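Let me begin by presenting the structure, written as structure tokens, before commenting on it.
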Amino acid sequence: MNIQGLNRVTLLDFPGRVACTVFTGGCELRCPFCHNSSLVIKPGPSRFSVEEIFSFLEKRRGILDGVALTGGEPLLQPDIEEFIRKIKEKGYAVKLDTNGCHPDKLERLLSGGLVDYVAMDIKNSPERYAQTVGIPGFDIAPVERSLGILLGGTTDYELRTTAVREFHDESSFPAIGEFIRGAKRWFLQNFVDSGALIREGLHGFSEEELRGFARAVEPYVGSADVRGV
């Protein structure tokens with residue numbers, strides 16, 4: 001496991017849980033607006049050992065009840081299944097953040113009952129996916145398969161999109177809605193410049209614009225909302 005960070009307590013990252021957040025290093029995408037670019041491009045050696053993480057979790061029994069795994073892309077880690085299994089053995093619920101590029105791993109984790117909640121990124125409409133993830137010729141098929149696994153499964157989940165003025169417009173959101181038709185819940189979050197982006201000069205939207213985009217997706221999903229405004 002390449003573990004680059006640990007947020008020791010969060011009430012926001014795992015719905016309904018008092019959790020910690022573990023950040024893994026590495027991602028195959030190059031989204032220009034990524035706010036964790038240091039974890040994506042050159043994460044470097046692991047900053048925390050697996051033993052340190054489990055020692056921390058042992059001490060937090062009865063205080064925390066969940067572990068959120070994010071990145072980077074956690075499913076890139078070759079030993080992620082074993083890592084999650086040990087977390088579950090300690091009695092913690094697990095939330096997984098994923099970009100949807102690893103449907104086989106996702107399906108195996110869900111079928112094994114190892115993940116309690118999934119947050120999957122939907123970067124844009126299929127037509128604009130490659131541009132938005134920064135990978136020319138990007139094959140969206142794995143993302144489509146991961147989406148199908150979530151929609152057809154029993155594990156609780158959410159889908160989420162970050163709105164960036166340079167990559168999204170009014171036409172993007174009905175197309176996103178069609179792409180995720182039948183999803184349980186979808187959240188729209190505004191782009192915020194963290195100061196450590198892959199590309200500079202990007203912009204978000206006004207609250208009014210965001211709420212209009214959410215209304216465009218609402219007919220396609222169970223719930224569509226704006227987060228963080």
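Since the model is a prediction, treat every value here as computed from it, not as a measurement.
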If you measure from [atom1] on [X] to [atom2] on [Y], what distance do you get to the nearest 0.5 Å?
X	Y	atom1	atom2	answer
S146	L159	OG	CG	11.0 Å
L151	I180	CG	CD1	8.5 Å
I80	L114	CD1	CG	10.0 Å
I53	S46	CD1	OG	8.0 Å
H168	K123	NE2	NZ	9.5 Å
D156	L150	CG	CG	10.0 Å

Just jot down the side chain to side chain contact (heavy atoms under 4.5 Å, CB included) partners of [X], sequence neighbours excluded, or say none.
X	answer
L188	T161, A163, F173, W186, L210, F213
D13	N7, T10, T21, A68
E51	S49
P142	P103, D139

Minimal non-hydrogen separation, [X] against [Y], with atom names:
X	Y	answer
P126	A175	CD-O, 4.4 Å
G137	A130	N-CB, 4.1 Å
A216	P219	O-CD, 3.5 Å

Derivation and outcome, side chain to side chain contact (heavy atoms under 4.5 Å, CB included), residues I3 and Q77
CA-CA 10 Å; I3 301 172; Q77 303 299 319; over 6 Å; no
Please name all residues satisfying salt bridge (Lys or Arg N to Asp or Glu O under 4.0 Å) with D79, sequence neighbours left out, ordered by chain then number.
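Expected list: none.
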Taking atom CD as the centre, does E82 end up with more than 12 heavy-atom neighbours from other residues, nucleotides or ligands that are less than 6.0 angstrom away?
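Counting other residues, nucleotides and ligands, CD of E82 stays at 12 neighbours or fewer.
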Can you get from [X] to [Y] by hopping between Ile, Leu, Val, Met, Phe, Trp and Tyr side chains that sit under 4.5 Å apart?
X	Y	answer
F187	V118	no
L69	L11	yes
V9	Y117	no
V133	V143	yes
L29	F23	no

Under the salt bridge (Lys or Arg N to Asp or Glu O under 4.0 Å) rule, what pairs show up with a residue in residues 14-31, not counting sequence neighbours?
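Qualifying pairs: R17-D65.
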Backbone N or O of G71 within a donor-acceptor pair of the Q4 side chain at under 3.5 Å?
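No, the answer is negative, given that no donor and acceptor are paired below the 3.5 Å cut-off.
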Counting N and O atoms only, with roles assigned by atom type, does the side chain of N190 sit under 3.5 Å from a partner on the main chain of F205, one being a donor and the other an acceptor?
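Side chain of N190 to backbone of F205, a donor-acceptor pair under 3.5 Å: yes, one is there.
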Chi angles and distances behind the side chain to side chain contact (heavy atoms under 4.5 Å, CB included) call for K95, D116:
CA-CA 6 Å; K95 178 203 174 205; D116 302 277; over 6 Å; no
Side-chain donor/acceptor pairs under 3.5 Å, residues 220-229, sequence neighbours excluded:
from : atom 1 : to   : atom 2 : distance (Å)
R227 : NH1    : E158 : OE2    : 2.8
R227 : NH2    : E158 : OE1    : 3.2
R227 : NH2    : E158 : OE2    : 3.4

Determine which pairs satisfy side chain to side chain donor-acceptor pair (under 3.5 Å) with at least one residue from residues 171-182, sequence neighbours left out, and list them in order.
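Applying side chain to side chain donor-acceptor pair (under 3.5 Å) to every pair that reaches into residues 171-182, excluding sequence neighbours, yields R128-S172, D169-S171, D169-S172, E178-R181.
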Mind jotting down which residue pairs meet the side chain to side chain donor-acceptor pair (under 3.5 Å) criterion with at least one end in residues 205-218? Sequence neighbours excluded, please.
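Residue pairs passing side chain to side chain donor-acceptor pair (under 3.5 Å), neighbours aside: R165-E209, S206-E209, E207-R211.
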Should R85 and E89 count as an ion pair when the cut-off is N to O under 4.0 Å?
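Not counted as a salt bridge, because no side-chain N and carboxylate O are separated by less than 4.0 Å.
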Check K105 with E81, please: is the shortest side-chain N to carboxylate O separation under 4.0 Å?
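K105 and E81: not salt-bridged.
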For L109 and T155: C-alpha separation, side-chain torsions, deciding distance, then whether side chain to side chain contact (heavy atoms under 4.5 Å, CB included) applies.
CA-CA 10 Å; L109 291 171; T155 304; over 6 Å; no
Connected-component partners of F191 among ILVMFWY, side-chain separation under 4.5 Å
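For the cluster that includes F191, the remaining residues are F33, V164, F167, L197, L202.
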Under a 4.5 Å cut-off applied to non-hydrogen side-chain atoms, are [X] and [Y] in contact?
X	Y	result
V67	V22	yes
R145	L106	no
L75	L96	yes
L76	C101	no

Carefully, step by step, assess V94 and K88 under the rule side chain to side chain contact (heavy atoms under 4.5 Å, CB included).
CA-CA 7 Å; V94 172; K88 294 289 286 182; 3.7 Å; yes
If a pair satisfies ring-ring contact (aromatic ring centres under 6.0 Å, His included) and one of its residues is in residues 138-159, list it, with sequence neighbours excluded.
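Residue pairs with at least one partner in residues 138-159: Y129-F138.
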Where at least one partner belongs to residues 78-113, residue pairs that pass ring-ring contact (aromatic ring centres under 6.0 Å, His included), sequence neighbours excluded
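Qualifying pairs: F54-F83.
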Without hydrogens or angle criteria, can the side chains of E73 and T24 be said to hold a donor-acceptor pair below 3.5 Å?
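On atom types as modelled, these side chains do not qualify, holding no pair under 3.5 Å.
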